Protein chains: 2
Amino acid sequence: MEVKLQTLPKQVAGVLARRIATGGIPAGQGLSEQQILQEFGVSRAVAREALKILASLDMIEIAQGRRVVLRPAEEWDYLSPLLIDWLPPEQIRELLAEAHATRIIIEPAITAIAAKHMTKESLERLGTLLAAMSATEDNPDGYLRLDLDFHMEICRAAQNRILDRFMYSSRWWQAASRRISNQMPHALPSATEMHRAIYEALVARDAKRAEEAMRRHLKATTAVGLPHKD
Amino acid sequence: MEVKLQTLPKQVAGVLARRIATGGIPAGQGLSEQQILQEFGVSRAVAREALKILASLDMIEIAQGRRVVLRPAEEWDYLSPLLIDWLPPEQIRELLAEAHATRIIIEPAITAIAAKHMTKESLERLGTLLAAMSATEDNPDGYLRLDLDFHMEICRAAQNRILDRFMYSSRWWQAASRRISNQMPHALPSATEMHRAIYEALVARDAKRAEEAMRRHLKATTAVGLPHKD
DNA sequence: CCTATAAGCTTATCAGACAAGTTGATGTTA
DNA sequence: TAACATCAACTTGTCTGATAAGCTTATAGG
């Protein structure tokens with residue numbers, strides 16, 4: 001009996017994506033529904049959906065009449081969680097560093113904006129999250145979830161859907177990255193303290209201080225176990 | 001004879017998206033392939049692909065056995081160019097402001113990083129673009145393309161694929177937004193001057209000055225014809 | 001009242017066909 | 001020979017109808 005981990009088109013797309021990422025498919029050659037359907041023994045519908053997935057990541061380009069062509073790797077959708085599973089480890093490591101560098105740019109700025117917009121309800125939720133974190137320091141997985149929620153709550157408060165979506169996208173990278181840095185001993189209690197500093201600055205609606213606290217928090221996470229980038 | 005503007009699933013997805021965005025579909029009710037296929041008179045394959053598109057924007061959630069359900073608007077993929085065509089004008093205006101606010105946060109920081117990494121080739125391309133802009137000030141559409149390329153070239157130089165992708169995504173919002181601000185008289189010559197200031201700071205590899213020049217440029221664009229946000 | 005089974009939804013996958021667009025070869029004409 | 005028109009082969013787009021697999025709900029049994 002077959003074990004069904006994912007939908008069939010996704011599995012096929014995964015195999016193809018890995019092959020493309022490692023240069024297993026000559027750029028000039030491209031793909032075709034026929035090939036896929038023969039190689040994987042799936043129906044045309046599945047082959048088509050698999051290609052649609054890759055197209056949504058900007059890895060390939062589909063057009064009627066023309067054979068499917070590969071697109072330059074510089075323009076792939078690195079914000080998609082799918083690529084985290086499909087890219088080779090070396091690239092993942094690089095991308096993690098880039099994601100973290102990005103957070104250091106964006107999140108302090110977000111925090112400064114959020115400080116001005118903070119509602120009482122939002123502050124309450126942050127307080128609750130903080131308490132929960134403090135009580136979950138022996139459980140890295142649970143802590144990670146709370147941590148992400150804490151950061152998302154701040155982002156939500158900045159009331160910018162574009163930024164919000166970006167943070168939401170890079171959430172997957174954060175998760176992967178955080179899983180590394182939180183393995184360090186005492187990383188969690190120390191993280192809680194830093195979150196508390198951010199929280200208190202937000203309560204005081206002190207944009208500058210909140211921004212700085214967030215920056216300190218993120219830079220501290222950089223130091224631990226992650227390749228540095230800028 | 002039918003005029004084919006887009007692929008069929010995309011058209012269907014567009015109609016559905018607009019309906020969802022304007023609250024035309026009760027949240028509790030959801031959708032089903034059957035409904036779509038009957039209402040639009042398309043095949044099931046097309047109905048399915050249309051739903052897949054909406055799912056890729058996180059507007060709906062598809063799972064085998066369960067009827068399709070709507071997802072909260074806060075988590076839609078506002079980075080996708082598709083939504084630009086599908087959301088109602090009021091929302092678009094708000095989102096344009098948010099996109100611009102985002103740029104003011106990110107691009108100066110990118111520029112500072114880029115200043116350190118600038119290669120001779122990249123600087124050359126920027127110089128070429130700048131000259132072209134100077135010669136295209138009477139052609140808003142052509143100018144827009146050069147302008148976007150100029151900013152993307154800088155972003156590319158920062159060597160951060162996550163940020164790069166984000167800028168690439170928000171390119172569509174930029175295009176829409178720029179189309180507004182460039183209509184102002186003398187906007188183009190003035191823009192060229194500001195781009196030149198950025199370029200010269202980059203040539204000098206002066207990160208601080210480049211960052212500040214970029215910030216001035218973006219804030220100047222804010223003032224013109226766009227609702228202000230933060 | 002609770003549980004287990006089954007019927008009827010829904011989405012997932014398959015198969016085969018035709019339509020429509022692109023490409024490249026073929027052949028004709030200036 | 002060179003430019004152009006036509007057609008054949010290949011590719012993606014769409015349609016139809018059927019079966020598999022997962023979920024929900026109602027029903028029958030304990």
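Every heavy atom of this structure was used, including side-chain atoms; hydrogens, water molecules and symmetry mates were not. Within every chain, numbering begins at 1; the chains are lettered A, B, ... in the order of the sequence lines, protein sequences first and strands thereafter. Note that the structure is a prediction, hence the values are computed from the model and not measured.
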Here the distance between atom P of D:dT11 and atom CD of A:Gln38, to the nearest Å, is 10 Å

Spacing between A:Gln6 atom CD and C:dA12 atom P, to the nearest angstrom: 14 Å

Comparing nearest nucleotides in DNA chain C, the 5'-proximal residue of the pair A:Arg44, A:Gly65 is A:Arg44

Any side-chain donor-acceptor pair under 3.5 Å between A:His151 and A:Arg171? no

What is the distance, to the nearest angstrom, from the CG atom on B:Leu51 to the C1' atom on C:dA12? 13 Å

Measure from CD on B:Glu61 to P on C:dA12 and round the result to the nearest Å. 12 Å

For C:dA12 and B:Arg48 - does any side-chain N or O of the residue sit under 4.0 Å from the phosphate oxygens OP1/OP2? yes

Is B:Arg67 atom CZ crowded by more than 12 heavy atoms from other residues, nucleotides or ligands, each under 6.0 Å away? yes

Just N and O in the side chain of B:Thr7: are any of them under 4.0 Å from OP1 or OP2 of D:dT12? no

If you measure from the Lys or Arg side-chain nitrogens to the Asp or Glu carboxylate oxygens, is any gap between B:Lys10 and B:Glu49 under 4.0 Å? no

Taking atom types as modelled, is there a side-chain donor on B:Asn160 or A:Thr102 under 3.5 Å from an acceptor on the other? yes

Ignoring backbone atoms, establish whether A:Ser43 has a side-chain N or O less than 4.0 Å from OP1 or OP2 of C:dC14. yes

Quick one: is A:Arg66 getting a side-chain N or O under 4.0 Å of the C:dG21 phosphate, OP1 or OP2? no

Rounded to the nearest Å, what distance is computed from the CG atom of residue B:Leu8 to the P atom of nucleotide D:dT16? 11 Å

Whether the side chain of A:Gln64 and the base of C:dA20 hold a donor-acceptor pair under 3.5 Å is what I'd like checked. yes

Return the value, rounded to whole Å, for the distance between atom CG of B:Leu31 and atom P of C:dC9. 19 Å

Picking from C:dC14, C:dT10, D:dT12, the nucleotide nearest the side-chain atoms of A:Val42 would be C:dC14

For the pair A:His195 and A:Phe150, name the ring-plane relationship: parallel under 30°, tilted 30 to 60°, perpendicular over 60°. perpendicular

Quick one: B:Glu33 CD to D:dG17 P, roughly how many Å, whole number? 16 Å

Between CZ of A:Phe40 and C1' of C:dT13 the distance, given in whole Å, is 16 Å

